[in-house]
Amino acid sequence: MAAPVPNPGPFLWGVSTSGYQHEGGYNGPGQPHNNWAEWEASGKAEPTGRSVDFWNHFQADLDRAASLGINSFRLGIEWTRLQPEPRHTPLGEPLLDPGALSHYTEILLAARQRRLEPFLTLHHFTHPAWLGPDFWLAPDAPERFTRFALAAVTALNRALAARGEPSLRWFLTINEPNMLCLNAYLSGTFPSGPRRGIAQVIQATSGLLLAHLRTYQAIHQLYTHEGWPAPLVSFNNYASDLYWMDKLMTDLVAAPGLGVHRGDLAWWLVGRAHRFDERFNAAHLPLSKTLPYWMGALIKHTLLSFGHRALETGRLEQLADAIYNENAGLPLDFIAFDYYDPFVGNMFRLPRWDELFQPTLSLRARLLHSITSKTWDWPALPQGLSFFVRIYEEDFPGRPIVIAENGMARLRRSTWARSWRKDRLRRADYL
């Protein structure tokens, strides 16, 4: 039986940032370099530049956040900024940059001063360049990440305590491990080495999930040792209606804590997959069933068959063994997911002529972007959000549920008064 989690307290309603995407100040001369630096230098990715310069303007940004009447703020701490060089103690513990550590402390204090509960992400897609492009394929990746995370959490909590503040409470260890693996080793839209394919996707997934398990245990042990109030720790996936691309990961790490015998794991996962699909079909969500929808549905059917075969052929056996060997109980103090457009049936759409004028870096990118669903075209479907909330509430009763990300992107062109969407929806309408 899974252990009860601490009372999560009041309903949280907030906004979020991610370090590399919002802070600015990466990959330039004299700046910390992460695993995107080479892509920036070669033109495969847009240079970071100042981004929105959250690093320097966090006070004003947090003022704007507080003015919305919210009570929480999700932010990440960047491994690249905290450990820009491979410096360690004689015992192998990471040596963190004191300036970056102090600055993150000030951001956390500023959030607390505005009564915004900090919600800390420990890894948001990026890692220091000195770890190499294929860090998550390395056998020691989980241990190295856990050491960094533990050092950072310890140092931040002690810095907060020195200012009379309580310890941090909410943590996401890894942001969207499913998207990190798929984008790096299947679609090639994230940096990686030359090796790509299903084997690398599974290998990177193993590293990321083991990193979560070990970091989960390390943080809980730290808090017990220091006498701090119990933390709430989890990870968040990009929600998908394809079980094998999303919920499989949550069920895998939870299986031991839910009392699933190791020998029954494969059949249990297949049963969870069938039950998920049955509930999805019974929900009758109002999806637009055009030709692109049926193309996506065909892809979904193919991937469902692959997921079953992957279990039957034992491709996940090594990862499952490692998860059971960790003996981490149920390492999800809450359930977290990101809700955008989770429906594989929306993967494809007909190209639009106006998008031919959008800057692209290659013919491959042009073709991919012209037929796959753009972020500004994601449908507004609150019924889908309700579906995922209910699924997780049924499968993990009593666990708090956190929607870690949700929103609507905008396509901006100087000649357009507002985003070009078929439904002409504005962000305010979406919210």
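Numbering starts at 1 and runs along the sequence shown.
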Problem set entry | Heavy-atom side-chain contact between Lys44 and Trp36 under 4.5 Å | no

Problem set entry | Stepwise side chain to side chain contact (heavy atoms under 4.5 Å, CB included) test for Leu252 and Leu265 | CA-CA 8 Å; Leu252 258 177; Leu265 178 64; 4.0 Å; yes

Which donor-acceptor pairs under 3.5 Å do side chains of residues 176-185 form with protein atoms, sequence neighbours excluded?
{"unit_1": "Asn178", "atom_1": "OD1", "unit_2": "Tyr238", "atom_2": "N", "d": "3.2"}
{"unit_1": "Asn178", "atom_1": "ND2", "unit_2": "Tyr238", "atom_2": "O", "d": "2.9"}
{"unit_1": "Asn178", "atom_1": "ND2", "unit_2": "Met245", "atom_2": "O", "d": "3.0"}
{"unit_1": "Asn183", "atom_1": "OD1", "unit_2": "Ser187", "atom_2": "OG", "d": "3.4"}
{"unit_1": "Asn183", "atom_1": "OD1", "unit_2": "Thr189", "atom_2": "OG1", "d": "3.2"}
{"unit_1": "Asn183", "atom_1": "ND2", "unit_2": "Met179", "atom_2": "O", "d": "3.2"}
{"unit_1": "Tyr185", "atom_1": "OH", "unit_2": "Asp134", "atom_2": "OD1", "d": "2.7"}

Exercise. Quick one: side-chain hydrogen bond (donor to acceptor under 3.5 Å, both in side chains) pairs with a partner in residues 245-258, sequence neighbours left out?
Worked result: Asn237-Asp246, Tyr243-Asp251, Lys247-Asp251, Lys247-Asp395, Asp251-Arg272

Exercise. Counting only N and O atoms by type, is there a donor-acceptor contact under 3.5 Å from the side chain of Asp264 to the main-chain atoms of Val260?
Worked result: no

Exercise. Considering only heavy atoms from C-beta outward, does the side chain of His124 approach that of Gln21 to under 4.5 Å?
Worked result: yes

Seminar exercise, completed: So the salt bridge (Lys or Arg N to Asp or Glu O under 4.0 Å) pairs with at least one residue in residues 197-210 (sequence neighbours excluded) are none

Problem set entry | Check ion pair Arg74-Glu405 (N to O, under 4.0 angstrom) | yes

Problem set entry | Glu143 and Arg147 ion-paired at < 4.0 Å | yes

For this session: Would you check, one step at a time, whether the test salt bridge (Lys or Arg N to Asp or Glu O under 4.0 Å) holds for Glu394 with Arg279?
Result: CA-CA 11 Å; Glu394 290 173 17; Arg279 288 183 287 183; 2.7 Å; yes

Exercise. Do Asp341 and Pro379 have side-chain heavy atoms sitting under 4.5 Å apart?
Worked result: yes

Problem set entry | Test item: Thr17 and Glu23 side chains (from C-beta on) under 4.5 Å apart, heavy atoms | no

For this session: Report the C-alpha separation of Gln217 and Leu222 in whole Å, then their side-chain angles, then the decisive distance to 0.1 Å, and conclude whether the side chain to side chain contact (heavy atoms under 4.5 Å, CB included) test is met.
Result: CA-CA 9 Å; Gln217 294 178 93; Leu222 169 68; over 6 Å; no

Problem set entry | Residue list, ring-ring contact (aromatic ring centres under 6.0 Å, His included) with His123, at least two apart or on another chain | Trp136, Phe145

Problem set entry | Worked verdict on Ile401 versus Phe334 for side chain to side chain contact (heavy atoms under 4.5 Å, CB included) | CA-CA 6 Å; Ile401 294 176; Phe334 56 95; over 6 Å; no

Exercise. Given side chains that start at C-beta, do those of Thr121 and Thr173 come closer than 4.5 Å, heavy atoms only?
Worked result: no

Problem set entry | Pairs touching residues 205-222 that satisfy salt bridge (Lys or Arg N to Asp or Glu O under 4.0 Å), sequence neighbours left out | Arg214-Glu326

Problem set entry | Geometric class of the His220/Tyr216 ring pair [parallel <30°, tilted 30-60°, perpendicular >60°] | tilted

Exercise. Going by atom types alone, do Asn27 and Asn34 pair a side-chain donor with an acceptor below 3.5 Å?
Worked result: yes

Exercise. With Trp244, which residues qualify under ring-ring contact (aromatic ring centres under 6.0 Å, His included), at least two apart?
Worked result: His308

Please tabulate, for the side chains in residues 287-294, all donor-acceptor contacts under 3.5 angstrom to protein atoms that are two or more places apart in sequence or on a different chain.
none

For this session: Quick one: which residue pairs count as a ring-ring contact (aromatic ring centres under 6.0 Å, His included) with a foot in residues 194-214, not counting sequence neighbours?
Result: His212-Phe235

For this session: Just jot down the side chain to side chain donor-acceptor pair (under 3.5 Å) partners of Asp241, sequence neighbours excluded, or say none.
Result: Lys300

Exercise. Could you give all pairs that pass the salt bridge (Lys or Arg N to Asp or Glu O under 4.0 Å) test and reach residues 50-60, with sequence neighbours left out?
Worked result: Arg50-Asp53

For this session: Scan Phe135, Tyr20, Trp79, Phe190 and name whichever one has a ring-ring contact (aromatic ring centres under 6.0 Å, His included) with Phe125.
Result: Phe190

Seminar exercise, completed: Smallest heavy-atom separation, Trp228 atom then Ser167 atom, equals CB-OG, 3.6 Å

Problem set entry | Heavy-atom side-chain contact between Trp170 and Val402 under 4.5 Å | yes

Exercise. Is the ring centre of Trp55 less than 6.0 Å from the ring centre of Tyr26?
Worked result: no

For this session: List for me each residue that meets salt bridge (charged side-chain N to carboxylate O under 4.0 Å, His left out) alongside Asp63, sequence neighbours excluded, and say none if there are none.
Result: Arg114

Problem set entry | Heavy-atom closest contact (Leu75 atom, Leu108 atom, distance) | CD2-CD2, 4.0 Å

Exercise. ring-ring contact (aromatic ring centres under 6.0 Å, His included) with Phe387: which residues, sequence neighbours excluded?
Worked result: Phe276, Phe280

